[in-house]
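What follows is a set of notes on a single structure, which appears directly below.
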Number of protein chains: 2
Amino acid sequence: MVHSVAVIKNTRERIMAAALDLFAERGVLGTPVTSIEAAAGLSPGSGSFYRHFKDRQELLAAVVEREITRVAKLPVDPSTTDGTRASELAAQLCNDLAFLGELRRLIAILFWERGKAPDVAERVRSLMVERGVELGIAELLLTDPIDVVRADPSAASTVMMCAMVGYFLSMEYFGTPPAEVDPDRFTRTLARLLVRG
Amino acid sequence: MVHSVAVIKNTRERIMAAALDLFAERGVLGTPVTSIEAAAGLSPGSGSFYRHFKDRQELLAAVVEREITRVAKLPVDPSTTDGTRASELAAQLCNDLAFLGELRRLIAILFWERGKAPDVAERVRSLMVERGVELGIAELLLTDPIDVVRADPSAASTVMMCAMVGYFLSMEYFGTPPAEVDPDRFTRTLARLLVRG
DNA sequence: GTCTATACGTGGATAGAC
DNA sequence: GTCTATCCACGTATAGAC
């Protein structure tokens with residue numbers, strides 16, 4: 001029974017896809033429903049949007065939920081987490097940078113929404129931490145750690161995470177890192193500060 | 001000749017002071033002129049605002065300019081930059097964290113304005129970099145540096161700056177650092193990763 | 001399910017009295 | 001220099017035809 005399933009993605013999908021980009025780019029307040037309609041191929045100003053969502057807030061919630069789910073399901077690029085050498089950690093950090101790239105829109109929306117959505121902030125934060133710190137990296141740091149890491153492993157993890165987040169956000173919001181250092185040099189240097197070899 | 005100078009700060013000042021906070025808190029788009037008037041003790045909805053500024057954009061420019069000037073003039077808390085020991089760097093980093101605190105509103109406005117004000121982004125960025133990296137810290141790192149720092153000093157500086165910025169922004173936007181690490185532990189650990197002793 | 005048309009509210013900005 | 005009053009643009013949201 002085929003029921004002639006629509007070949008073209010249905011409108012609800014197109015609205016969500018368009019809104020994700022627009023919300024990340026201009027913020028929720030900065031993207032009127034009219035422009036969402038336009039971006040979704042609907043006539044701007046017609047209330048066609050409202051056949052699919054109650055209002056902009058409901059759309060926002062749906063979009064964020066969907067994107068969190070998508071990102072959470074992304075496979076954890078392994079890159080051999082068994083050894084302890086700096087080059088392996090550097091590779092792991094490169095993966096983490098890519099993961100932050102996937103979180104880009106969510107982070108942008110979060111920043112636009114500032115205090116307005118503490119629950120979203122918390123969920124995005126734990127996505128970052130779980131992926132970046134808990135899952136593999138912490139153990140990597142704990143394998144034959146240097147003195148500083150041994151002295152306070154969670155502080156060292158925090159430094160690592162903050163450096164990554166700071167680098168990523170500098171790129172996103174300043175258009176460039178504090179100095180002119182490319183991702184490869186950055187992750188390599190960070191890794192060498194944290195582990196032996 | 002006293003000319004009876006106004007004891008109460010004049011309205012233009014009050015508007016700018018109010019706007020700085022409101023813009024940082026809710027963004028420019030998120031703070032109607034009416035609310036600026038209210039916050040400045042004027043009747044909201046009266047156009048009294050427009051006797052002092054042409055429009056909101058002009059106000060924004062004035063406010064940002066003024067705040068950049070204020071922050072740039074802040075004295076560079078010295079905290080003895082002569083030695084090379086980790087505790088001294090940590091102290092310096094604590095000062096830097098305080099300095100980022102002074103930049104708080106500018107950074108917030110910058111984030112709200114995203115791509116809209118690349119010139120402001122550049123100026124805030126250089127305020128950060130000049131204060132944090134160029135001015136004292138770079139030399140500190142170069143005095144009897146550890147291998148990693150010697151190998152690529154500007155990459156190491158970048159890691160340091162990014163860690164600081166990442167820590168600061170995590171506090172501001174997530175309400176907490178990636179893990180529960182207070183500023184003191186954070187700066188101490190970061191310092192120990194970067195210098196001998 | 002999308003359109004045209006429209007009612008309504010909020011906020012930007014000006015006019016003119018005081 | 002601040003007020004009241006007002007105009008206008010824009011965006012939200014609904015009604016009803018197709």
Side-chain angles (χ1 to χ4, degrees), chain A residues 2-64 66 109 112-114 116-117, chain B residues 2-64 66 109 112-114 116-117:
Chain A
V2 180
H3 278 154
S4 89
V5 177
V7 178
I8 300 170
K9 276 187 302 188
N10 69 44
T11 304
R12 190 183 160 92
E13 299 295 317
R14 290 201 322 272
I15 288 175
M16 292 213 283
L20 178 60
D21 286 334
L22 288 170
F23 287 164
E25 207 67 35
R26 313 177 194 281
V28 177
L29 207 65
T31 79
V33 171
T34 30
S35 75
I36 297 171
E37 288 173 328
L42 297 170
S43 175
S46 73
S48 296
F49 167 87
Y50 296 97
R51 292 281 171 177
H52 303 275
F53 295 93
K54 187 178 144 291
D55 56 21
R56 217 172 19 170
Q57 283 306 313
E58 191 185 278
L59 169 62
L60 173 63
V63 159
V64 165
R66 189 187 164 83
I109 291 174
W112 284 115
E113 292 296 290
R114 198 75 195 266
K116 275 180 259 176
Chain B
V2 180
H3 276 153
S4 92
V5 176
V7 177
I8 300 169
K9 276 185 302 188
N10 67 45
T11 304
R12 191 183 159 91
E13 299 296 318
R14 288 201 323 270
I15 289 175
M16 293 214 283
L20 178 59
D21 286 334
L22 288 170
F23 287 164
E25 206 68 36
R26 313 177 195 282
V28 178
L29 207 66
T31 79
V33 171
T34 30
S35 75
I36 298 171
E37 288 173 327
L42 297 170
S43 175
S46 73
S48 297
F49 167 87
Y50 295 97
R51 292 279 169 178
H52 303 274
F53 295 93
K54 188 178 142 290
D55 56 21
R56 218 173 16 172
Q57 282 307 313
E58 191 185 279
L59 170 61
L60 173 64
V63 159
V64 166
R66 188 186 165 82
I109 290 174
W112 285 114
E113 293 296 289
R114 198 75 193 267
K116 275 179 259 175

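Since the model is a prediction, treat every value here as computed from it, not as a measurement. Lettering of chains follows the sequences in order, A, B, ..., and the numbering in each one begins at 1.
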*Scan A:Ser46 against the nucleic acid and name what it touches under 4.0 Å (heavy atoms): base, sugar-phosphate only, or nothing.*
base
_Does C:dT10 have its OP1 or OP2 closer than 4.0 Å to a side-chain nitrogen or oxygen of B:Thr34?_
no
*In whole angstrom, what separates B:His52's NE2 from C:dA13's P?*
16 Å
*Select from A:Pro32 and A:Arg51 the residue whose nearest nucleotide in DNA chain D is closer to the 5' end of that strand.*
A:Pro32
_Going by side-chain contact (heavy atoms from CB on, under 4.5 Å), B:Met16 matches just one of B:Val63, B:Ile36, B:Thr11. Which one?_
B:Val63
_Using a 4.0 Å heavy-atom cut-off, does A:Ser48 contact any base of the nucleic acid, only the sugar-phosphate backbone, or nothing at all?_
base
*Can you see which heavy atom on B:Ser48 is nearest to which on B:Leu42, and at what distance?*
CB-CD1, 3.9 Å
_In this structure, how many angstroms lie between the P atom of C:dT14 and the CZ atom of B:Phe53, rounded?_
15 Å
_Side-chain heavy atoms of B:Leu59 within contact of B:Phe49, under 4.5 Å_ = yes
*Can you tell me which residue pairs pass the salt bridge (Lys or Arg N to Asp or Glu O under 4.0 Å) test with a partner in residues 45-63 of chain A, sequence neighbours excluded?*
none
*Is any NZ, NE, NH1 or NH2 atom of the basic residue among A:Glu13 and A:Arg66 found under 4.0 Å from an Asp or Glu carboxylate oxygen of the other?*
yes
*Can you tell me how far P of C:dT4 sits from OH of A:Tyr50, to the nearest Å?*
16 Å
*Toward the 5' end of DNA chain D, by each residue's nearest nucleotide, B:Gly45 or B:Leu42*: B:Leu42
*asked:* In whole Å, I'd like the distance from the CD atom of B:Glu37 to the P atom of C:dT10.
replied: 16 Å
*Under 4.0 Å from any heavy atom of chain B: name the first and the last nucleotide of DNA chain D that qualifies, 5' to 3'.*
D:dT2 to D:dA5
